[in-house]
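Inspection log for the structure reproduced underneath, given as structure tokens.
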Protein chains: 2
Amino acid sequence: MTGPAPSLRDRKKQRTRVLLHETALRLFLQRGFDAVTLDELGEAAEVSRRTFFRYFAAKDAVALAAETELWDAYLHRLADREWRGSVLAALRDSLTDTVRAMGDEWLRRFLATRGLIARTPALRAASDAAGIRTQDRIADVLDTALGGERDLRVRLLAELTLAAWRCAAREWVRGDKRPAGRAKVDGLVRHLDDAFDALPAALGLTAPARDAAGPAAASAGAASRRR
Amino acid sequence: MTGPAPSLRDRKKQRTRVLLHETALRLFLQRGFDAVTLDELGEAAEVSRRTFFRYFAAKDAVALAAETELWDAYLHRLADREWRGSVLAALRDSLTDTVRAMGDEWLRRFLATRGLIARTPALRAASDAAGIRTQDRIADVLDTALGGERDLRVRLLAELTLAAWRCAAREWVRGDKRPAGRAKVDGLVRHLDDAFDALPAALGLTAPARDAAGPAAASAGAASRRR
DNA sequence: CTCCAAAATGCCTCTCAATGGCACTTTACC
DNA sequence: GGTAAAGTGCCATTGAGAGGCATTTTGGAG
């Protein structure tokens, strides 16, 4: 992919975008998303608020940019892949492949983003809403790839993919913070695998029998019980 | 449930709340959610903006009130039920039972709400985010009811319930608008049944074989293919 | 290199949702 | 009837978000 070299204009724009994003993450982490105004962010990045809005659609968009990059990369990978065999397995593999392919620099920003989401209701809501828009996009790619019929199962698969993601991300953020770098990514991938693996068993989960003294009567299946 | 009779204070508050909600739906439907300011809504309902915020946490909350009622009723039903057998079936039955139990007056408001959501990005986002908070609440109820262990399958079941809901609601809004009253509710219930029914088949969906000329090679399963 | 047009930026004004303090009004209860 | 608590309205403020337009920067042709 050797296009024309980026112009000075393009380089400057990219630098401004990165500067806004990094500055935002730093300030939001220091003082909290809600406590940092866009005037302050612009001052710190030496960019006007007007310009900020030329780069990001909203305040929350700059905080969630690393997550957006992941979904964009994932959607791109889905659009490019060959489809054969189990669709869910393809959705799963593409997601874990995408996560693995994101770089260390992205990982640092993504961890910061997850931390902000965990402590900021407005960011959680924005991230959740964006996730559901991602589901729409996944369903669109699948409709196109699988033959253009509007199939309820396709829609559900998009839902299941993000369901697994949300469960995995939730556990990941909760988990041990000590691993760094690649081990962090591996942890996320493991949680994703656990979540996708647990889908069939979840469908079959039954309530404990009323007279059982413990969990012995719980559904036997792929054991995803918390260890 | 015969508690003490509501006081004049309580009755007036309830009337104000209903008035705000109904007035908001009317104005939002006439002119669009974004075009109606809270000053205008307050003027029309003869309530100050300050008071509006004593009843609703945000502008979108008044627009989504009917949906909130549904989820509150559903969560209440889940908290009250006996748990035995398949958890997913229980989640499903409780949801369809709840929908059926909501009254005609609620149905009218709920239809208006769905219409607003369909045409207002901000409301769609707010509704989606609220849906995911509902998933959290479902998972909490399930954790309590099933023995208090944090089980990934439980979390996934909450996800699957809202997944089916979103798919069903989407098809429902798209569908024939001519049925009224109970037939509208039956339509929603039917879409919910279809969506829950399609979950196992979705897990097993495979891509069409590359040399197949048509969908003949698609996964044979519970056929939820669009008709 | 110069010039001009296009693109990017900053300044400014405005709107409106949201927040919150406090004075005033209404209701409940003794 | 009097008083305290609850409810309401008025007012001021903040900050995200929108958009117009002047100014600055960059690209490209001659």
Side-chain angles (χ1 to χ4, degrees), chain A residues 3-21 23-25 27-28 31-65 116 120-127 129-130, chain B residues 3-21 23-25 27-28 31-65 116 120-127 129-130:
Chain A
S7 63
L8 177 60
R9 261 194 170 120
D10 289 337
R11 279 183 275 119
K12 289 193 72 170
K13 285 189 64 177
Q14 179 60 13
R15 275 204 301 270
T16 299
R17 186 186 168 86
V18 168
L19 179 60
L20 279 169
H21 180 31
T23 308
L25 286 183
L27 293 179
F28 295 160
R31 301 169 45 211
F33 176 78
D34 293 318
V36 178
T37 65
L38 288 176
D39 278 335
E40 289 170 319
L41 171 56
E43 172 100 26
E46 294 182 314
V47 167
S48 76
R49 241 189 330 128
R50 186 72 186 83
T51 297
F52 172 86
F53 282 111
R54 288 188 172 111
Y55 283 88
F56 297 96
K59 186 181 176 185
D60 55 41
V62 73
L64 301 179
L116 287 174
T120 315
L123 286 185
R124 167 118 193 257
S127 173
Chain B
S7 65
L8 177 61
R9 265 194 165 121
D10 289 337
R11 281 182 276 122
K12 289 193 73 173
K13 284 190 65 175
Q14 180 58 13
R15 272 203 302 270
T16 300
R17 187 187 167 86
V18 169
L19 179 59
L20 279 169
H21 181 31
T23 308
L25 286 183
L27 294 179
F28 294 160
R31 299 170 44 212
F33 176 77
D34 293 319
V36 179
T37 66
L38 289 175
D39 278 337
E40 290 169 319
L41 172 56
E43 173 102 24
E46 294 181 317
V47 166
S48 76
R49 243 188 327 129
R50 186 73 187 84
T51 296
F52 172 86
F53 282 111
R54 288 189 172 112
Y55 284 88
F56 297 98
K59 186 181 178 183
D60 56 41
V62 71
L64 300 179
L116 287 174
T120 315
L123 286 185
R124 167 121 193 254
S127 172

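The structure presented is a predicted model; accordingly, all values stated were derived computationally and were not measured. What's counted below: heavy atoms across the whole structure, side chains too, no hydrogens, waters or symmetry copies. So that the names make sense, note that chain A is the first sequence line, chain B the second, and so on, each numbered from 1.
- Residue Thr51(A) has a polar side-chain atom (N or O) positioned under 4.0 Å from OP1 or OP2 of dG10(C).
- Within the nucleic acid shown, Glu40(A) has no heavy atom closer than 4.0 Å to any nucleic acid atom.
- Closest non-hydrogen pair, Leu20(A) versus Ala45(A), comes out as CD2-CB, 3.8 Å.
- The distance between atom CG of Asp34(B) and atom P of dG19(D), rounded to the nearest whole Å, is 12 Å.
- Where the helix from dC1(C)-dG30(D) to dC30(C)-dG1(D) starts and where it ends, the local axes point in directions that differ by 10°; five pairs per end, rounded to 10°.
- Between the C1' atom of dC16(C) and the CZ atom of Arg31(B) lies a distance of 14 Å, rounded to the nearest Å.
- Annotation: of the two residues near DNA chain D, Ala58(A) and Ser48(B), the 5′-most nearest-nucleotide partner is Ser48(B).
- Which of dA18(C), dA16(D), dG10(C) sits closest to the side chain of Leu38(A) comes down to dA16(D).
- Of the residues in residues 7-17 of chain A, Ser7(A), Leu8(A), Arg9(A), Lys12(A) come within less than 4.0 Å of DNA chain D through at least one heavy atom, sorted by number.
- Nearest heavy-atom pair across Leu27(B) and Glu40(B) is CD1-O, 4.3 Å.
- Across the protein-nucleic acid pair, Asp60(A) atom CG and dG15(D) atom P stand 17 Å apart, rounded to whole Å.
- Atom-to-atom, CD of Glu46(A) to C1' of dT25(D) comes out at 17 Å; the value is rounded to the nearest Å.
- Closest of all the heavy-atom pairs between Leu19(A) and Thr23(A) is O-OG1, 2.5 Å.
- Taking the six-membered ring for Trp and thresholds of 30 and 60 degrees, Phe28(A) and Phe33(A) have ring planes more than 60 degrees apart, a perpendicular arrangement.
- The residue among Arg50(B) and Arg50(A) whose nearest nucleotide of DNA chain C lies closer to the 5′ end is Arg50(A).
- Across all their heavy atoms, His21(A) and Ala65(A) have their closest contact at CE1-CB, 3.6 Å.
- Checking side-chain atoms of Ser127(A) against main-chain N and O of Leu123(A) turns up no donor-acceptor pair under 3.5 Å.
- Among the atoms of the strands shown, none is found under 4.0 Å from any heavy atom of Phe52(A).
- Formation of a donor-acceptor pair under 3.5 Å by the Arg49(B) side chain with backbone atoms of Gly42(B) is not found in this model.
- The distance from atom CZ of Phe56(B) to atom P of dA18(C) is 13 Å, rounded to the nearest whole Å.
- The side chain of Lys59(B) sits closest to dA18(C) out of dA18(C), dA16(D), dG20(C).
- Taking OG1 from Thr16(B) and OH from Tyr55(B), the interatomic distance works out to 4.0 Å, rounded to the nearest 0.5 Å.
- Rounding to whole angstrom units, CZ of residue Phe53(A) and P of dA8(C) are separated by 19 Å.
- One donor-acceptor pair, N or O on each side, does fall under 3.5 Å between the base of dG9(D) and the side chain of Arg54(B).
- Side-chain N/O atoms of Tyr55(A) include none lying less than 4.0 angstrom from OP1 or OP2 on dA8(C).
- Here OG1 of Thr51(B) is found 10.5 Å from NZ of Lys13(B). Values are rounded to the nearest 0.5 Å.
- Between Arg17(B) and Gln14(B), some side-chain heavy-atom pair lies under the 4.5 Å cut-off.
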